[in-house]
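These notes are about the structure you will find just below.
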Amino acid sequence: MHNQISNFKRSATQFAFGSITLAVVTLASFYLQTHFAAMALVYLLVILLFSLIGSSVASYALSVLAIAALAYCFAPPAFSLRIDDPQALPVVVAFLTVSIVGTHLIGRVRQEREAAHEAAAQLRRGAADLKDREKRWHAIFEHNPAMYFMLDEAGTVLNVNSFGATQLGYARDELIGQSVLGIFLEEDRAFVHKCVRTCLENIGQSRTWDVQKIRKDGSVLWVRENAKAMLWADDQPIVLIACEDVTERKRTELALQRSEAHLAQAQELSHTGSFGWNVATGEVFWSKENFRIFQLDPQTAPGPELVVERTHPDDKASVQEIIDRAMRDPRDFEHEYRLLLPDGSVKHIHARVRATRTATGDIEFVGAATDITAARQVEQQLRRSEAYLAEAQRLSHTGSWSWDLYSLDFVYRSAEVDRLFGFEPQETVSIETIRSRVHPDDLPRLQEVQRQAIEGKEERFEYDFRILLADGGIRRIHSVAHVVVGSDGNVRELIGTHMDVTEQYAARERLENTLAALRESEQRFRDYAETASDWLWETGPDHQVTHLSEHTSAAGILATGLIGLPRWDIACDVEEEPEKWRQHRATLEAHLPFRDLVYRTVNRMRSPIYVRTSGKPFFDLNGNFLGYRGVSTDITALIRGDQTEQELRKAQAELAHVTRVTTLGELTTSIAHEINQPLAAIISNADACLGWMGRQTPDLSAARCSVEWIIEDAIRASEVIRRIRALAKKGEIEMVPLDINDVVKDVIALVARELVNHRVTLKTKLTEALPAILGDRIQLQQVIINLVMNGIEAMDAVTDRTRELVIQSSEDGTGYVQVTVTDCGVGIAEDDTDRVLDPFFTTKSSGLGMGLSICRSIVEAHAGRLSVVRKQGPGASFRFDLPLHKELVP
């Protein structure tokens, strides 16, 4: 529309100026009287001239106007539009044709010229636009806040924008013509080369990668490179790379990765796993540490049911209740429970969960599960330690406390302190209450301790005081305390312990009393030792005498100068009894105790004395041998008494032998009968044997029986002779284990004939299976024969009753075997009962009075006793008791 209006204005202006020109030319022609053809030519020139600068429409209108002016002004008739001159008409027609054709041609030329002008203008505008765009793109290339590189196939930098060069710290000229690999890390160059090659192999396809570039100053720049290969003007491929600085993003990513790593490490170190649970979608997230705590594979799909499955059976109900409540009422919660793991171990878990709302409005629980097993174990150990400490304080009666010196109040006091003072555990204790429990005499000391602590005169205190108990008793306390200095440098507290030393005080008193008693006892025993006949001695590690009782020398018991001598240098019988001294020295070298060593030495008068000594080694606390301590006794009188007794016993033995021989004389008749009887039997059996052998047909079987009887009778006679020889034999006492019933039976075999001759009936009551005794068979036979023969003789006058002799054996249950011989003879007078066992006392007219005395000596030599037993009825009863063999006594 605008162009149409513009064309119209231009055509109107052209037509107006053309018309004016035609009018001027017409007037000039009239003035010059120009010919019609000349005028037509002038008009044509004007029209063509205006055609060059006007529109075609205006040229056509000027042509019509010129034709009208020619026809009106110059064609006859003049001033009429009618043309009468035939020559004018071709002119007009020619003029019209030329003007129209000329105008048209001029219009075409003008249009072509205008089109050419327009094309040129367009070319100029296109060039300008291209230049502007080139300038704009160059500006963009130069100033775009991105790094651009243009590379050839070899990776040589063809161009780089100033921003990129500046970003790397280079000038553009320093990079152009250089290999692009120079701005990468050595380890990344192969990767970059590969990426560039990939782009060149895929012309037109973009590739992106992240890589680090090295600035000129050596610092690292993370870039994301977007590269694309394209063909350049000469069909040479180039690679255009746009680099985006992603350093901050990389740092952020690395920081995020580091943060995640730190978080994972922190979770691992703190044994805390994190989790998330979207209740609406059921989506659950567990951290790596959470899987480790539950000992589950990270590929396992987590969920609340998995928590319940791993929960300890005792805690499953509570965990399930927590989960159900969270689904009903999504609120923050906190819970502790235990896990029972596949290996049987138990973990304590503390879970803290916060309910959050997501962007979609869903409730999501985000929480942390902490493995507090170690803490629980430490807590249990701490509780156990506290319990042990409390128990230890209770057992040791020691309480710990901390006292604020300014507020005069306990900062801390253990349960044992409450027990010592009689406070209730939760009772608020004031200073007045404490003072009321402390003995009034001890309060000044406690106040002095507090004053000295505040003034800093001492740092450690140790004092005793007494506590008045409710029952009137007194508890003694030993306290140890030291000061605690606050941050301001002033003494703030006293920390210490109270120990109940009441028992120690009592023990100390008892110990003092005991020591006094010991001192008194020591003095008493010292007096005993100094006044006793025994003396004490002590030797050193070398067995030399180091100490002797003081009274020993004063009494003249031992010779002087014995200190420093070993015992074998003091004794006089070393050479006489070398085996005894060898054994004694071996005992000393072995540091063993010894008892009743008897040796001979001399006293201060050089008279021989016998010493019996016993000793035991003593050692120091480390077990080192220090010597011997012992006691010695002068047993010279005892030794000499034993020697006299041995001589007496020897005389008694001689007398006993004589008695036995005398008794044998008395038994000769019965013994001869005993022997004669088997001899007669032997003769008879021998005759019988000859008879059996002398038959026409010898009866060998009967002869064998006769021979066997001969042998038995010979053995019986030989046994009688053996017993007689043994009884008559004079030998040393031989103590052997014996069955007392066998001894009694031996005696019965010897006195059997005497019993018959005196018409005495023997009755035995021998207890079977009596324990063995230790004794001499012959001597005990002599005792029983004496008692039996006395009983036979005592019954010679008995004619009104049966002469009966009873021998019985028994065990009294006190470790003795008893043998009793009872007769029914004349008995023993009441006045003679106590003397009947004495030597030379006899009621027989021909007796010596030594039989029963010797029997008593024999029994007592066997550690037994012979006694007269009172009995009911006539006769007498003698009994001797012998101890059982010691190895048989339980």
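Here, residue 1 is the first one in the sequence, and each next residue gets the next number. Nothing here was measured: the structure is a model prediction, and the numbers come from that model. These numbers come from the heavy atoms of this one structure, side chains and all, not from hydrogens, waters or symmetry mates.
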Side chain to side chain, Thr601 and Leu562, heavy atoms closer than 4.5 Å: no

His543 vs Glu589, side-chain contact (heavy atoms from CB on, under 4.5 Å): CA-CA, chis, key distance, verdict: CA-CA 9 Å; His543 306 297; Glu589 294 300 328; 3.7 Å; yes

Stepwise salt bridge (Lys or Arg N to Asp or Glu O under 4.0 Å) test for Arg476 and Asp464: CA-CA 7 Å; Arg476 293 182 176 274; Asp464 294 347; over 6 Å; no

Glu459, CD atom: more than 12 neighbouring heavy atoms under 6.0 Å: no

Partners meeting side chain to side chain donor-acceptor pair (under 3.5 Å) with Glu448 (sequence neighbours left out): Arg451, Gln452

Non-neighbouring partners of Phe880 that pass ring pair (Phe, Tyr, Trp, His ring centres under 6.0 Å), sequence neighbours left out: none

Ser809 backbone acceptor or donor facing Thr767 side chain under 3.5 Å: yes

side-chain contact (heavy atoms from CB on, under 4.5 Å) evaluation trace for Arg466 with Asp441: CA-CA 9 Å; Arg466 291 164 290 180; Asp441 296 342; 3.5 Å; yes

Spatial distance of atom CD (Glu768) from atom CG (Leu770) [nearest 0.5 Å]: 8.0 Å

Rounded distance [0.5 Å steps], OG1 in Thr539 versus CG in Leu588: 7.5 Å

Donor-acceptor contact below 3.5 Å, side chain His348 vs main chain Glu336: no

Residues forming a side chain to side chain donor-acceptor pair (under 3.5 Å) with His271, sequence neighbours excluded: Arg292

Non-neighbouring partners of Glu577 that pass salt bridge (Lys or Arg N to Asp or Glu O under 4.0 Å), sequence neighbours left out: Lys580

Heavy-atom side-chain proximity of His862 to Met735 below 4.5 angstrom: yes

Derivation and outcome, side-chain contact (heavy atoms from CB on, under 4.5 Å), residues Leu882 and Leu780: CA-CA 10 Å; Leu882 298 174; Leu780 293 178; 3.8 Å; yes

Side-chain H-bond candidate by donor/acceptor type, Ser430 with Thr433, under 3.5 Å: yes

Thr497 backbone acceptor or donor facing Ser479 side chain under 3.5 Å: yes

Residue pair Asp620 / Leu626: nearest heavy atoms and the distance that separates them: N-CD1, 3.7 Å

Residues in side-chain contact (heavy atoms from CB on, under 4.5 Å) contact with Phe619, at least two apart in sequence or another chain: His591, Pro617, Phe625

Straight-line distance of Asp371 CG to Ile349 CD1, nearest 0.5 Å: 4.5 Å

Closest contact, heavy atoms only, Leu340 versus Val346: CD1-CG2, 4.1 Å

Minimum side-chain heavy-atom gap Leu536-Arg629 below 4.5 Å: no

Phe594 and Tyr628 aromatic ring geometry - parallel, tilted or perpendicular at 30°/60° bounds: tilted

Validation row: Leu494, Val449 side chains within 4.5 angstrom (heavy atoms): yes

For Val483 against Ala453, the heavy-atom pair lying closest together: CG1-CB, 3.9 Å

CD/Glu579: more than 12 non-hydrogen atoms of other groups inside 6.0 Å: yes

Heavy-atom pair of closest approach, residues Asp776 and Leu738: C-CD1, 4.0 Å

Ring pair (Phe, Tyr, Trp, His ring centres under 6.0 Å) partners of His312, counting only residues at least two apart: none

Asn622 side chain vs Asn624 backbone, donor-acceptor pair below 3.5 Å: no

Ion pair check, Glu416 and Arg419, cut-off under 4.0 Å: yes

Qualifying residues under side chain to side chain donor-acceptor pair (under 3.5 Å), relative to Arg524, sequence neighbours excluded: none

Short side-chain to backbone donor-acceptor contact, Arg475 and Leu420, under 3.5 Å: yes

pair Arg777-Val736: side-chain heavy atoms closer than 4.5 Å: no

Glu379: salt bridge (Lys or Arg N to Asp or Glu O under 4.0 Å) partners, not counting sequence neighbours: Arg376, Arg383

Sub-4.5 Å side-chain heavy-atom contact between His478 and Val480: yes

Side chain to side chain, Phe878 and Val868, heavy atoms closer than 4.5 Å: yes

Arg856 vs Val859, side-chain contact (heavy atoms from CB on, under 4.5 Å): CA-CA, chis, key distance, verdict: CA-CA 5 Å; Arg856 186 176 66 175; Val859 171; 5.8 Å; no

All side chain to side chain donor-acceptor pair (under 3.5 Å) counterparts of Asp881, not counting sequence neighbours: Gln818, Arg879

Name every donor-acceptor pair, under 3.5 Å, that has one atom in a side chain of residues 607-616 and the other anywhere in the protein, sequence neighbours excluded.
residue, atom, partner, partner atom, Å
Thr613, OG1, Trp537, NE1, 3.0
Thr613, OG1, Val631, O, 3.3
Thr613, OG1, Ser632, OG, 2.8
Ser614, OG, Asp596, N, 2.8

Pairs satisfying ring pair (Phe, Tyr, Trp, His ring centres under 6.0 Å), at least one member in residues 437-475, at least two apart: Phe465-His498

Atom CD of Gln504: over 12 foreign heavy atoms under 6.0 Å: yes

For Gln450, side-chain contact (heavy atoms from CB on, under 4.5 Å) partners two or more places apart: Trp403, Leu405, Leu408, Ile454

Minimum heavy-atom distance between Ala863 and Pro883, given as atom pair plus value: O-CD, 3.4 Å

Neighbour count >12 (heavy atoms, 6.0 Å) for atom CD, Glu575: no

Contact summary for Pro444 and Pro440, nearest pair of heavy atoms: CD-O, 3.5 Å

Arg437 charged N/C atom sitting above Phe421 aromatic ring, 6.0 Å / 45°: no

Side-chain donor/acceptor of Ser414 to backbone N/O of Ser400, under 3.5 Å: yes

Side chain to side chain, His482 and Ile495, heavy atoms closer than 4.5 Å: yes

Reported CZ-to-NZ distance for the pair Arg338 and Lys347, which is rounded to 0.5 angstrom: 15.0 Å

Interatomic spacing from OG in Ser436 to CD1 in Ile431 - rounded to 0.5 Å: 10.0 Å

Distance-only side-chain donor-acceptor flag, Trp535 / Asp634, under 3.5 Å: no

Value rounded to 0.5 Å, distance of OG1 in Thr370 from CD1 in Ile293: 7.0 Å

